[in-house]
**Student:** 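Quick one: the structure is below, questions incoming.
In what follows, every chain begins at residue 1, and chains take the letters A, B, ... in the order their sequences are listed. Bear in mind that the values here come from a model prediction, so they are computed numbers and not experimental data.
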Number of protein chains: 2
Amino acid sequence: MTDYAVTAEGRDAAWATSLRTAGRRVTRQRLAVLAAVERSPHTTTDDVAAAVRTQLTDISVQSVYVVLADLTSIGLLRRIEPPNSPARYETRVNDNHHHAVCTGCGRIEDVDCAVGHAPCLTPSWAAGTQPMSIVIADVVYQGLCADCRENSNTSLTQEIHK
Amino acid sequence: MTDYAVTAEGRDAAWATSLRTAGRRVTRQRLAVLAAVERSPHTTTDDVAAAVRTQLTDISVQSVYVVLADLTSIGLLRRIEPPNSPARYETRVNDNHHHAVCTGCGRIEDVDCAVGHAPCLTPSWAAGTQPMSIVIADVVYQGLCADCRENSNTSLTQEIHK
DNA sequence: CACCTATTGTGAGTAATTCATAATAAGAAA
DNA sequence: TTTCTTATTATGAATTACTCACAATAGGTG
């Protein structure tokens with residue numbers, strides 16, 4: 001709860017507390033996955049597995065899938081699904097930020113909510129539809145980053161990132 | 001261009017014109033796919049294939065994939081990728097509308113842009129990041145529709161739709 | 001009508017993810 | 001500290017969503 005998680009040990013302790021609060025056991029795998037996602041945000045499952053294997057050499061990709069899904073379900077991770085990309089994860093949760101994806105190179109950057117909290121959660125409904133009670137508003141911006149814009153100017157037209 | 005597409009023949013003629021304008025041949029498969037998506041918006045590839053097969057009994061799912069991708073690339077269809085769901089398609093293009101997904105039943109509804117056109121395309125960038133030139137802003141709202149809200153009140157806690 | 005080539009059909013292949021079940025280990029209890 | 005219970009992880013197979021290569025077909029131009 002308090003923000004004493006400046007050292008690696010402090011982060012681990014904070015995560016352990018969060019895990020126990022959510023009724024989860026504290027395992028090396030979970031802590032390693034959390035640390036890997038914290039180190040490099042917007043990483044894919046494969047990237048996380050590779051990073052975790054530097055510490056826990058035998059962890060399987062399937063276990064990473066299970067851990068990522070579980071940590072997401074208890075709110076310690078946030079899962080994003082960019083277009084034309086496998087799912088990605090980040091430790092920055094509960095702050096209503098969004099993402100920009102470069103259609104040239106696939107780079108993903110965080111974007112704060114452009115219009116504040118409220119408008120994002122109050123869509124205008126078409127006539128005749130039953131309003132839903134909105135919990136999340138995910139905004140995915142797509143465009144060209146500075147590097148790719150420069151490259152496309154000098155050479156060819158932009159390609160869709162795969 | 002003009003909006004004379006009120007009858008099935010009129011729609012077909014309008015689509016044929018759009019296809020030719022995009023340098024594409026007019027085929028029964030393409031028209032059938034467009035008609036299927038028009039009839040039921042937000043359908044998956046499998047649903048489209050099933051609908052098309054009522055007319056063109058021998059069309060393969062792979063061909064539907066190819067046709068959907070191609071029609072999307074020339075702007076006749078819009079592809080959306082809701083969380084925890086295969087890609088879906090709709091004929092409503094070029095109007096900057098967004099989508100709301102019910103986490104209970106998976107239902108998808110159209111939502112007009114809450115804050116007008118401009119703010120959606122002007123995210124606020126974090127300090128130190130190179131701004132991208134934004135082309136698209138896709139907003140996906142998640143929440144509970146009226147039906148699911150009622151069910152979750154009377155019985156159990158909400159489940160994630162799969 | 002014939003030809004050229006875009007489009008479709010067919011089958012195999014791949015990436016991302018899930019499932020079933022056995023082995024392991026976290027944490028409570030003794 | 002040790003034991004016990006069961007959540008968690010490991011392993012391997014299976015599934016879903018989608019793509020690719022290439023042969024067959026059919027628009028549409030001349």
**Student:** Output the residues of residues 60-76 of chain B in contact with DNA chain C, where contact means a heavy atom of the residue under 4.0 Å from an atom of the strand; sort by number or write none.
**Tutor:**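 Heavy-atom contacts with DNA chain C come from B:S60, B:Q62, B:S63, B:V67.
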**Student:** Quick check against the 3.5 Å criterion: does A:R149 have a side-chain atom that pairs as donor or acceptor with the backbone of A:L144?
**Tutor:**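 Here the side-chain-to-backbone pair exists.
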**Student:** Enumerate the residue pairs fulfilling ring pair (Phe, Tyr, Trp, His ring centres under 6.0 Å) with a member in residues 10-29 of chain A, sequence neighbours excluded, ordered by first and then second residue.
**Tutor:**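 Every candidate ring pair (Phe, Tyr, Trp, His ring centres under 6.0 Å) pair involving residues 10-29 of chain A fails, so no pair, neighbours aside, qualifies.
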**Student:** Considering only side-chain heavy atoms of A:T45, which listed nucleotide, C:dA26, C:dT17, D:dC18, is closest?
**Tutor:**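 Among the listed nucleotides, the one closest to the side chain of A:T45 is C:dT17.
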**Student:** I need the CD1-C1' distance between B:I59 and C:dT7, as an integer number of Å.
**Tutor:**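 Nearest whole value for this atom pair: 11 Å.
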**Student:** What is the distance, to the nearest angstrom, from the CG atom on B:D47 to the P atom on D:dC18?
**Tutor:**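 The answer, rounded to whole Å, is 12 Å.
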**Student:** For A:Q29 and C:dA25, what is the distance between atoms CD and C1' respectively, to the nearest whole Å?
**Tutor:**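 The distance from CD of A:Q29 to C1' of C:dA25 comes to 9 Å, rounded to the nearest Å.
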**Student:** State whether a side-chain donor-acceptor pair under 3.5 Å links B:H98 with B:E109.
**Tutor:**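 No, B:E109 and B:H98 have no side-chain donor paired with an acceptor closer than 3.5 Å.
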**Student:** Can a side-chain donor-acceptor contact be found between A:Q142 and A:T103 if the only test is distance below 3.5 angstrom?
**Tutor:**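 No pair is found: no donor N or O on one side chain lies under 3.5 Å from an acceptor on the other.
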**Student:** Within less than 4.0 Å of OP1 or OP2 of D:dA17, is there a side-chain N or O belonging to B:T44?
**Tutor:**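 No, because none of the side-chain N or O atoms of B:T44 sits under 4.0 Å from OP1 or OP2 of D:dA17.
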**Student:** B:R30 side chain N/O closer than 4.0 Å to the phosphate oxygens (OP1, OP2) of C:dT7?
**Tutor:**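 Checking C:dT7 against B:R30, a side-chain N or O does come within under 4.0 Å of OP1 or OP2.
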**Student:** Is the phosphate of C:dT7 approached by B:R28 (side-chain N or O, under 4.0 Å from OP1 or OP2)?
**Tutor:**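 No, because none of the side-chain N or O atoms of B:R28 sits under 4.0 Å from OP1 or OP2 of C:dT7.
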**Student:** What is the separation between atom CG on B:L56 and atom C1' on C:dT7, rounded to the nearest whole Å?
**Tutor:**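 From B:L56 CG to C:dT7 C1': 13 Å.
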**Student:** Please determine, for the side chain of A:D46, which listed nucleotide (D:dT8, C:dA16, D:dA17) has the closest atom?
**Tutor:**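 Among D:dT8, C:dA16, D:dA17, the one nearest the side chain of A:D46 is C:dA16.
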**Student:** Atom CZ of residue position B:R92 - does it have more than 12 heavy atoms of other residues, nucleotides or ligands inside 6.0 Å?
**Tutor:**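 Result for CZ/B:R92: enclosed.
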**Student:** Please report, rounded to the nearest Å, how far the C1' atom of C:dA16 is from the CG atom of B:N84.
**Tutor:**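 My rounded result for the distance is 13 Å.
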**Student:** Other residues, nucleotides and ligands only: do more than 12 of their heavy atoms fall within 6.0 Å of CG on B:D95?
**Tutor:**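 Yes, because the 6.0 Å sphere around CG of B:D95 holds more than 12 heavy atoms from other groups.
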**Student:** Please report the distance, rounded to the nearest Å, between CG in B:D58 and P in C:dG11.
**Tutor:**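 Rounded to whole Å, this separation is 12 Å.
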**Student:** Whole Å only: how far is the CZ atom of A:R20 from the C1' atom of C:dG27?
**Tutor:**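 The distance from CZ of A:R20 to C1' of C:dG27 comes to 9 Å, rounded to the nearest Å.
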**Student:** Answer yes when A:R53 and A:D58 have at least one side-chain N-carboxylate O distance shorter than 4.0 Å, and no when they do not.
**Tutor:**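 Salt bridge between A:R53 and A:D58, a charged N being under 4.0 Å from a carboxylate O: no.
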**Student:** For B:W15 and D:dG27, give me the distance from atom CH2 to atom P, rounded to whole Å.
**Tutor:**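 Distance check: B:W15 CH2 to D:dG27 P gives 18 Å.
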**Student:** Taking only side-chain nitrogens and oxygens of B:R79, does any of them come within less than 4.0 Å of OP1 or OP2 of D:dC18?
**Tutor:**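 True: B:R79 side-chain N/O within range (under 4.0 Å) of D:dC18 OP1/OP2.
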